There are 2 protein chains.
Amino acid sequence: MSRLLVALGGNAMTAPDGSAAPADQIAAVNRAAAPIAELIATGHEVLVTHGNGPQVGNLLVKNELAAAVVPPVGLDWCGAQTQGTIGFILINAVERALAARGLVRPVAAVVTRTVVDAADPGFTHPTKPIGRYLPAAEAKAMIDHGQVWEDRGERGWRRVVASPEPLEVLDAPVVGLLAAAGVVVVAGGGGGIPVVRDPDGGLRGVEAVIDKDLAAAILARSVGADVLVIATDVPAAMLDWGTPAARPLGVVGVAELRRYAAAGHFGSGAMGPKVEAACRFVEHGGRRAVITDLDRISAASRGEAGTVVLPDEPPQTPEPGQTAVREEG
Amino acid sequence: MSRLLVALGGNAMTAPDGSAAPADQIAAVNRAAAPIAELIATGHEVLVTHGNGPQVGNLLVKNELAAAVVPPVGLDWCGAQTQGTIGFILINAVERALAARGLVRPVAAVVTRTVVDAADPGFTHPTKPIGRYLPAAEAKAMIDHGQVWEDRGERGWRRVVASPEPLEVLDAPVVGLLAAAGVVVVAGGGGGIPVVRDPDGGLRGVEAVIDKDLAAAILARSVGADVLVIATDVPAAMLDWGTPAARPLGVVGVAELRRYAAAGHFGSGAMGPKVEAACRFVEHGGRRAVITDLDRISAASRGEAGTVVLPDEPPQTPEPGQTAVREEG
């Protein structure tokens with residue numbers, strides 16, 4: 001039996017048109033829960049983490065529209081809010097999907113904090129744009145609440161925030177404790193609630209967004225996961241992405257994958273952090289990282305689909321499934 | 001060593017003026033964490049639950065003001081959101097208070113669901129008023145989103161919702177598992193996220209608020225707590241409350257307490273559910289329930305302060321502290 005951490009992308013929690021209305025989120029996670037239940041049914045210990053971009057987007061709009069009446073909450077609180085709501089609907093969905101297979105497992109969602117460095121350059125020079133564009137006057141109102149907004153020309157103003165490196169997923173020991181007891185744990189949502197350590201050792205939430213895949217690589221390592229499954233909306237990472245020569249990447253050693261990344265094969269979009277997260281996990285002792293879509297996560301966890309990232313040094317005792325890995329788009 | 005569930009009232013998470021702005025909530029929970037750390041320092045296993053009224057109030061305002069742009073979320077989601085945010089700041093605060101005493105304990109917050117009956121009369125005839133008063137036109141906009149609002153005359157319209165009986169705290173086994181491993185667990189916030197069971201056995205969030213003290217009585221029982229501590233803003237429940245004869249109630253047997261409640265001693269306000277919760281916990285096997293303010297919870301947990309509710313049948317092996325319980329306002 002192996003332990004898997006499945007990282008669900010935003011598309012696993014929104015409607016195909018991107019809507020993050022509650023009913024749409026619930027329908028989406030019910031779909032996402034089926035392959036998770038399949039992994040559990042085939043004997044894996046499964047942990048789940050998830051993104052929260054569209055959900056935080058909605059919370060930011062509420063912050064803005066209510067700012068004159070209710071004090072806006074920071075991105076740390078937005079993250080905590082989405083850990084509550086997405087955790088809630090995910091545990092319901094996984095229980096339902098397990099029941100459909102006649103299985104009963106304890107399922108739980110844990111509030112999770114991720115430590116970042118207060119000296120991360122993102123805090124002095126925030127560059128990550130989030131939320132919607134606003135006219136100058138409305139942006140000004142949010143700047144008065146301490147936020148940083150930039151004039152983006154014709155489209156209006158947009159908020160920029162820090163996206164610091166995740167350093168430690170603080171609640172990983174509790175997650176690991178639950179996993180060892182057979183609980184299917186949802187944790188690290190949105191990359192974890194960003195916190196810094198004050199000089200007195202206490203924790204303080206900060207205005208930042210954390211890449212959920214990079215945080216997932218840390219969480220997976222911290223809880224001793226064998227496999228990190230990064231579920232996204234494409235079957236595999238593509239070499240020569242965005243060109244006529246684009247082709248899916250199957251089984252690959254981590255050093256080779258790093259060379260592809262350095263050569264710009266994955267473009268500057270969303271795939272970059274996923275590839276980086278996969279590399280880090282495998283470089284730090286993970287047995288395998290997988291990048292694929294939800295429908296293929298079960299096959300990919302066996303090394304039979306998706307982009308499968310392996311350590312460069314083969315393990316001393318090869319595992320049975322390893323020779324079966326093959327490329328599949 | 002005994003296991004305590006401490007139920008924090010809304011005043012433990014807001015400023016003295018009632019503000020639930022983030023900074024005010026953080027300052028308040030830092031104050032509330034000190035007596036919790038004291039309980040842990042004196043050898044107790046401590047679990048924490050909390051209310052969320054003012055926090056949900058803020059979320060409802062955001063729902064209303066953003067309704068034209070972002071779909072309002074239900075009370076189940078509001079509850080989940082506050083479990084995230086309050087759980088986050090509470091675990092930070094408890095860790096900080098423990099560190100101030102040179103103690104390190106794992107601390108965690110768990111998303112918690114509470115089952116209610118879909119046939120609870122509250123759903124057909126909602127009576128619990130929540131949130132702010134609105135003019136008719138604005139109330140109408142929320143009614144269009146499926147909410148129930150009542151014309152309250154001069155002050156305007158106000159939303160009414162179901163406040164169904166909590167039947168089961170679903171995530172109690174996970175909470176108990178963590179408690180047994182020495183984790184200080186925050187759970188059951190806001191009485192738990194209200195859910196009903198669909199005919200297929202699946203869970204569905206519902207529009208309701210659950211009394212957090214009644215849910216705490218169930219959670220405490222489910223996790224085998226010895227003592228339920230209901231922390232509020234008065235040192236004790238008062239007999240003849242609201243009259244010149246008002247006087248604090250100290251040690252009392254549960255049958256006697258039920259007689260006082262039936263005779264109307266506690267008025268119709270906030271104390272009623274606390275007394276009911278204390279009675280239920282003790283009637284279902286709890287060793288002791290306590291109603292007091294935060295400053296007295298440590299003394300009250302020893303039976304030396306507050307209103308201390310005991311079973312009518314003395315335990316077969318009296319515990320050392322029991323003869324020491326005495327009345328103290």
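Proteins get letters first, then strands, A, B, ... in listed order; numbering begins at 1 in each. Values in this document were obtained by computation on a predicted structure and should not be read as measured data. All values below come from the heavy atoms of this structure, side chains included, with hydrogens, waters and symmetry mates left out.
Ranked by heavy-atom pairs under 4.5 Å with chain B, the list A:P72, A:A21, A:G87, A:P22 is led by A:P22. Interface check for chain B: of the options A:D76, A:V61, A:T85, the most heavy-atom pairs under 4.5 Å are formed by A:T85. Note on B:A109, B:A20, B:C78: by heavy-atom pairs under 4.5 Å with chain A, the leading option is B:A109. Put simply, of A:Q83, A:R204, A:K62, the one with the most heavy-atom pairs under 4.5 Å next to chain B is A:K62. Ranked by heavy-atom pairs shorter than 4.5 Å toward chain A, the options B:V111, B:I89, B:T82, B:T112 are led by B:V111.
Using a 4.5 Å cut-off between heavy atoms, A:V69 touches chain B through its side chain atoms alone. Proximity to chain B (any heavy atom under 4.5 Å) is shown, for A:N63, by both the backbone and the side chain. For a residue to count as touching a neighbouring chain, one of its non-hydrogen atoms must lie under 4.5 Å from one of that chain's; by this rule A:A99 does not touch chain B. In this structure, the portion of A:V107 lying under 4.5 Å from any heavy atom of chain B is its backbone and not its side chain. Looking at A:L203, both its backbone and its side chain come within 4.5 Å of chain B, counting heavy atoms on both sides. Residue contact with chain B, scored on non-hydrogen atoms closer than 4.5 Å, involves the backbone and the side chain of A:V110 alike. Of the atoms belonging to B:V183, it is side-chain heavy atoms, and not backbone ones, that fall under 4.5 Å from chain A. Contact annotation for B:I91: both backbone and side-chain heavy atoms come within less than 4.5 Å of a heavy atom of chain A.
Contact of the B:F88 side chain with the A:W77 side chain is registered, since non-hydrogen atoms from C-beta on lie closer than 4.5 Å. Between A:L177 and B:L178 there is a side-chain heavy-atom pair separated by less than 4.5 Å. Between B:V104 and B:L98, every side-chain heavy-atom pair lies at or beyond the 4.5 Å cut-off.
Listed for the B:E207 side chain is a donor-acceptor partner under 3.5 Å among the backbone atoms of B:L75. A distance-only check finds a donor-acceptor pair linking the side chain of B:T49 to the backbone of B:A187 [under 3.5 Å]. A donor-acceptor pair under 3.5 Å is absent between the side-chain atoms of A:Q25 and the main chain of A:T14, judged by distance alone. Proximity of a side-chain donor or acceptor of A:R3 to a complementary backbone N or O of A:V223 within less than 3.5 Å is detected. Distance alone, capped at 3.5 Å, is enough to place a donor-acceptor pair between the B:S222 side chain and the B:I218 backbone.
In this structure, A:E95 pairs ionically with B:R113, as a charged nitrogen and a carboxylate oxygen lie closer than 4.0 Å. A salt bridge links A:R96 with B:D200; the closest basic N to acidic carboxylate O contact falls under 4.0 Å.
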- Task: Could you go through the side chain to side chain contact (heavy atoms under 4.5 Å, CB included) check for A:M142 and A:E64 one step at a time?
- Result: CA-CA 7 Å; A:M142 302 311 292; A:E64 291 156 16; 3.8 Å; yes
- Query: So A:L219 and A:L5, side chain to side chain contact (heavy atoms under 4.5 Å, CB included) or not? Walk me through it.
  - Reply: CA-CA 8 Å; A:L219 176 60; A:L5 175 63; 4.1 Å; yes
- Walk me through it: do A:R105 and A:L103 pass the test side chain to side chain contact (heavy atoms under 4.5 Å, CB included)? CA-CA 7 Å; A:R105 295 280 189 288; A:L103 297 173; 4.1 Å; yes
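In plain terms, the two heavy atoms of B:G191 and B:A215 that are nearest each other are O-CB, 3.3 Å. Here the closest non-hydrogen pair linking B:R197 and B:G201 is NH1-O, 2.8 Å. Contact detail for B:M13 and B:L8: the closest heavy-atom pair is CE-O, 4.2 Å.
Residues of residues 51-60 of chain A placed with any heavy atom under 4.5 Å of a heavy atom in chain B are listed by number as A:N58, A:L59. Among the residues in residues 166-176 of chain A, those with a non-hydrogen atom closer than 4.5 angstrom to a non-hydrogen atom of chain B are A:D171, A:V174.
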